[in-house]
Amino acid sequence: MSGLSMFYAALLYVAAGVLVAGLAVKIRQYWTTPAPLKIAVTPAPTTQAGAWLRVGREAVLFESLFYSNRWLWIFAAAFHAGLALVLVRHMRYFVNPVPEIIVLAQPFGVYGGMAMVGGLLVLLARRFVIDRVRYITRPSDILMLLLLIGIGVSGYGMKFANPTDIVAVKAFIMGLYVFDIRELPVEPPLLAHLFMVALLMIVFPFSKLLHAPGVFFSPSRNQADDPRERRHLAPWAAKLEG
Amino acid sequence: MALKPVAPALDDLPTVPALNPGVMGGLKSYVAVRAHQEPLGFPGELVENWEQAAVAKMGELLGKYKSLRVYLDICVKCGACTDKCHYFLGTGDPKNMPVARQDLMRDIYRYYFTPAGKALGGLVGAKPWTRERLDDWYNYFHQCSQCRRCSLFCPYGIDTAEISMAAREIMDSIGLGQKYCNEIIGKVHKIGNNLGLPEPALIDTLEGLEEDVKDATGHDIKFPLNVVGADVLLVTPSADFFAEPHVDGLIGYAKVFHQMGLSWTMSSYASEAGNFGMFIGNYEQMKKISMRIRQAALDLKVKRIVFGECGHAWRVAYAFLNTLAGPFDFLDPKYPVPQHIMELTRGAIMSGAVRLDPSANADKIVTVHDSCNIARATRMGPEPGSQFFYPRDVLKAACPKFVDMHPDTTHARTFCCGGGGGLLTDELIDLRIKGAKPRVEALKQAVDQHGVTHMAAMCAICKSQFTKVLPYYGYDMGMVQSVHQLVSNAILLGGNS
Ligand code: SF4
Ligand code: SF4
Ligand code: SF4
């Protein structure tokens with residue numbers, strides 16, 4: 001067993017642990033913090049089911065962004081849809097046997113990766129070119145984009161520049177499930193790719209990536225517009241009654 | 001302010017200005033003194049250990065408000081909101097971009113509350129308290145009218161109004177309140193309305209109105225006050241009692257009640273629809289002010305509560321009243337609680353109980369300003385979007401010629417008048433003029449293309465703000481009309497009860 005394989009196994013265990021525990025803490029916090037007042041931005045659905053549908057459209061279609069900034073919507077959608085395809089494509093490294101649907105999705109995953117990196121490059125350029133966006137950008141916003149671009153580029157490096165023994169990679173990953181540390185091929189693009197992915201997992205619950213779970217907890221979107229019909233009272237506000 | 005403030009040159013919609021950092025940094029509304037602070041239970045002056053006190057208060061609010069908790073974390077700095085705020089569009093000051101306004105709080109939040117901020121500091125934008133940052137808070141959180149246009153356009157619905165309300169609450173708690181809001185709230189607690197009109201003055205005013213309307217129409221239109229056993233309690237902004245064009249709207253409501261044959265009353269105890277507790281983000285104050293309305297409804301033994309024309313008031317009434325002062329199980333369950341006067345008037349027009357002769361407004365080409373708090377925080381009828389077509393139905397029935405302004409400035413996308421959210425004070429006139437710019441640009445377009453002569457408004461603050469700032473742009477203050485003023489002109493009195 002090489003030290004490198006041990007290191008990467010440990011890194012990935014830690015990253016997965018931080019991701020899951022960190023997200024659990026944050027989601028619990030978002031879930032349990034009360035919203036004392038009805039603040040849905042109207043016109044809003046009058047039923048709770050309708051409100052969840054609205055949230056669903058935000059999460060999947062980026063509805064508000066579509067009406068807000070069409071160019072940004074195009075590149076944000078390219079990045080996110082590309083990322084989704086890439087994740088589907090990567091499923092083949094995590095499950096055995098590989099389901100038919102994921103086999104069929106493989107070629108799309110390659111295009112997805114291009115859309116993802118292309119979208120990210122535009123998002124990065126915006127941060128330098130548009131004065132308003134430059135003003136609100138913090139160093140971490142740029143680093144986050146570079147990290148994602150790095151992950152995409154190193155992924156392509158594995159595929160085209162420096163073909164990696166993916167059978168061995170899959171064996172390594174499947175081994176992690178059963179705490180059997182197998183040999184990881186020593187290929188620079190692969191090692192860079194895995195390292196950056198682990199880093200992304202670690203920063204996820206501490207960064208703006210929390211927008212992924214957070215969008216479901218936004219009271220201006222997930223509340224039904226029914227304050228006259230139903231009395232809404234938060235527990236801490238109920239204590240003021242009397 | 002030594003120089004007379006001047007209006008910026010109007011552009012074509014939509015023009016996004018170049019950044020002009022710091023131009024509005026020095027504009028500061030008057031700070032509340034002890035006499036404004038203490039009656040509300042706030043410290044009379046900035047407390048000694050304000051940094052810790054502010055952090056403690058922020059921690060408390062993070063546990064009480066899901067909005068704050070989630071919104072401070074999840075902004076991705078995409079910039080979609082940056083060109084949506086009228087105060088940024090009018091001033092070019094980057095701190096008036098919604099996300100930058102939020103960041104004034106987010107930077108502090110990161111420093112004191114997040115592991116990333118504690119470990120990485122400036123890399124993630126985390127910043128500790130300094131006196132300059134507190135001054136920025138005071139100035140720029142009082143340059144937000146809490147209109148929520150930014151929230152509409154944010155992919156996560158991040159609502160800067162929630163952030164600025166929380167910021168004001170934190171500042172109040174450390175002794176740095178705003179004079180305008182806190183003085184007014186004190187008046188409501190003491191006298192019953194924002195303007196401090198005591199009961200005798202109200203009686204006087206209403207008697208005068210009865211006489212004026214009798215002279216003008218020949219009809220005995222009543223303006224009842226404190227009538228026990230009336231069916232309807234009307235709660236309306238106190239500006240309706242004397243300001244122009246507000247009072248013409250009040251006359252319109254009275255005529256509608258008269259024609260509908262409804263028994264109604266106003267209350268001197270709850271003689272204010274507006275609830276400035278919302279502007280300062282203080283739940284307890286908002287509740288206390290709302291409880292006056294409940295108490296008045298109980299004392300006067302009414303069956304329904306109806307609100308007059310007001311934007312922020314209707315938000316608190318429609319969206320919060322049931323929470324703050326409910327349950328209203330003692331009222332007639334046939335009617336929503338509360339109702340908007342527009343719901344009554346439209347219903348009466350549709351049913352024929354009220355008949356209008358639009359030729360009375362034939363000299364006008366009318367457009368309407370959707371009050372942002374009505375547009376983005378409420379409804380009027382049962383269906384989503386009724387807050388837009390109810391007033392339009394009423395206006396079209398009352399006026400032969402009605403035109404809408406540019407669609408990017410109406411309905412949910414409406415621009416604030418520039419004076420809402422606790423900013424309707426003289427020392428902020430420069431901001432108020434500049435904040436009105438996008439609305440006036442849309443108005444100008446409607447005037448130039450369609451010959452619009454009048455703009456109807458349905459909010460006391462909007463009406464006061466527009467009558468004050470339109471002249472700076474070369475328009476007559478008489479352009480601003482109450483919706484119910486136009487109804488009042490056109491209503492056919494008598495004959496059909
Ligand atoms: S639109 Fe929303 S997520 Fe984007 S910068 Fe503005 S507040 Fe942040
Ligand atoms: S709530 Fe209105 S005033 Fe405040 S930042 Fe958003 S758009 Fe501007
Ligand atoms: S005064 Fe009217 S337009 Fe201005 S913020 Fe309030 S509701 Fe909106």
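A, B, ... follow the sequence lines: proteins, then strands. Residue 1 opens every chain.
Per-residue heavy-atom pair counts under 4.5 Å with chain B were compared for A/Ile39, A/Leu240, A/Val215, and the maximum is reached by A/Ile39. Counting heavy-atom pairs closer than 4.5 Å to chain B, the top-ranked of the candidates A/Lys38, A/His211, A/Lys26, A/Arg228 is A/Arg228. Of the listed residues A/Arg132, A/Lys208, A/Arg221, the one with more heavy-atom pairs under 4.5 angstrom with chain B than any other is A/Arg132. Between chain B and the options A/Ile136, A/Thr137, A/Asn222, A/Val55, the largest number of non-hydrogen pairs under 4.5 Å is found for A/Ile136. Of the listed residues (A/Ala40, A/Ala35, A/Pro219, A/Pro213), the greatest number of heavy-atom pairs within a distance under 4.5 Å of chain B belongs to A/Pro219.
A salt bridge does not link B/Arg294 to A/Glu241: none of the charged side-chain nitrogens sits closer than 4.0 Å to a carboxylate oxygen. Electrostatic pairing of B/Asp93 and B/Lys95 does not count as a salt bridge here, judged by no charged N lying under 4.0 Å from a carboxylate O. A salt bridge links B/Asp159 with B/Arg148: the closest approach of a Lys/Arg side-chain nitrogen to an acidic carboxylate oxygen falls below 4.0 angstrom. Ion pairing between B/Glu284 and A/Lys239 fails under the 4.0 Å rule for side-chain N and carboxylate O. Between A/Arg138 and B/Asp103, at least one side-chain nitrogen of the basic residue sits less than 4.0 Å from a carboxylate oxygen of the acidic one, meeting the salt-bridge criterion. The pair A/Arg54-A/Asp225 does not count as a salt bridge, with every side-chain nitrogen at least 4.0 angstrom from each carboxylate oxygen.
Both tests hold for A/Arg70 against A/Phe66: distance to the six-membered ring centre under 6.0 Å, angle to the ring axis within 45°. For the pair B/Arg304 and B/Tyr335, the cation sits on the ring face: its NZ or CZ lies under 6.0 Å from the ring centre, inside 45° of the axis.
For B/Thr114, no part lies under 4.5 angstrom from a heavy atom of chain A. For a residue to count as touching a neighbouring chain, one of its non-hydrogen atoms must lie under 4.5 Å from one of that chain's; by this rule A/Phe62 does not touch chain B. Proximity to chain A (any heavy atom under 4.5 Å) is shown, for B/Ser386, by neither the backbone nor the side chain. For chain A, the nearby part of B/Ala375 is the backbone; its heavy atoms alone come within less than 4.5 Å.
The closest donor-acceptor contact from the side chain of A/Ser68 to the backbone of A/Leu65 lies at 3.5 Å or more, if one exists at all.
Side-chain atoms of B/Asn322 and B/Val337, non-hydrogen and from C-beta on, never get closer than 4.5 Å to each other.
Residues of residues 110-129 of chain A lying under 4.5 angstrom from chain B, judged on non-hydrogen atoms, are A/Arg126, A/Arg127 by number.
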